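Just so it is clear, the model here is predicted, and its values are computed rather than measured.
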Amino acid sequence: MIAASEKINRCLRLACAAVVVAAIWLVILPRMQAIPSVSEHMQRMTDREVNAGAMYYTELEHLPLRPDWVAERIALWPEWRMKSRASRLFEERER
C-alpha cells in the first residue's frame, strides 16, 4: 500500500505540473503576441481567414530549413549533408 507521505508527494507533483501548464497557457503564450514575428503571422492568418484550429501541416507555407544567419555564423553540420537534404526536399516539393 502507498504510504501517506508518498501519496502527498504525488499529489504535490501533479499540482505543480498543473500550475506550470496553466502558467504557460495563461501567461506566457498570451504575452507572445507582443513578439513582432508572431503578431505578423497572426495578422496574416486573420487576413486570410484561416482557422488555426483546422490547419494541417500540409496547409502551412513552406518554411526554410533554417534562417540564413545561422548558416553564416554557426556550423551546425557538414555543408555537404545540408545541401543534399535541402535538394531532396526541394525536389520532392516540385513533384
Side-chain angles (χ1 to χ4, degrees):
M1 186 156 203
I2 299 174
S5 63
E6 179 72 25
K7 203 172 199 178
I8 291 172
N9 283 341
R10 286 183 178 185
C11 290
L12 285 174
R13 284 188 278 167
L14 178 62
C16 287
V19 167
V20 168
V21 170
I24 291 171
W25 193 262
L26 299 172
V27 177
I28 295 173
L29 291 177
R31 288 189 181 177
M32 287 182 67
Q33 292 178 346
I35 298 172
S37 61
V38 174
S39 62
E40 290 170 7
H41 178 71
M42 290 175 58
Q43 187 61 44
R44 276 196 313 269
M45 295 296 114
T46 303
D47 292 345
R48 295 178 185 172
E49 298 177 356
V50 174
N51 179 358
M55 286 175 41
Y56 295 98
Y57 70 94
T58 55
E59 296 173 340
L60 298 175
E61 295 175 8
H62 174 69
L63 299 175
L65 296 175
R66 65 176 188 226
D68 292 335
W69 66 266
V70 173
E72 294 169 1
R73 297 181 187 170
I74 301 171
L76 296 176
W77 48 74
E79 189 69 26
W80 62 268
R81 185 174 180 201
M82 181 190 71
K83 285 184 180 179
S84 63
R85 180 171 183 243
S87 62
R88 278 195 319 257
L89 289 173
F90 290 121
E91 287 173 5
E92 289 174 6
R93 190 165 168 82
E94 289 181 358
R95 290 181 193 164

Ser37 OG to Met42 CE distance, which is reported to the nearest 0.5 Å: 11.5 Å

All pairs passing salt bridge (charged side-chain N to carboxylate O under 4.0 Å, His left out) where residues 11-29 contributes a residue, at least two apart: Glu6-Arg13

Hydrophobic cluster identity match, Val19 and Val21, side-chain contacts under 4.5 Å: no

Atom pair CG (Leu29) and CE (Met32), whose distance is rounded to the nearest 0.5 Å: 6.5 Å

Joint hydrophobic cluster, Ile24 plus Leu14, side-chain heavy atoms closer than 4.5 Å: no

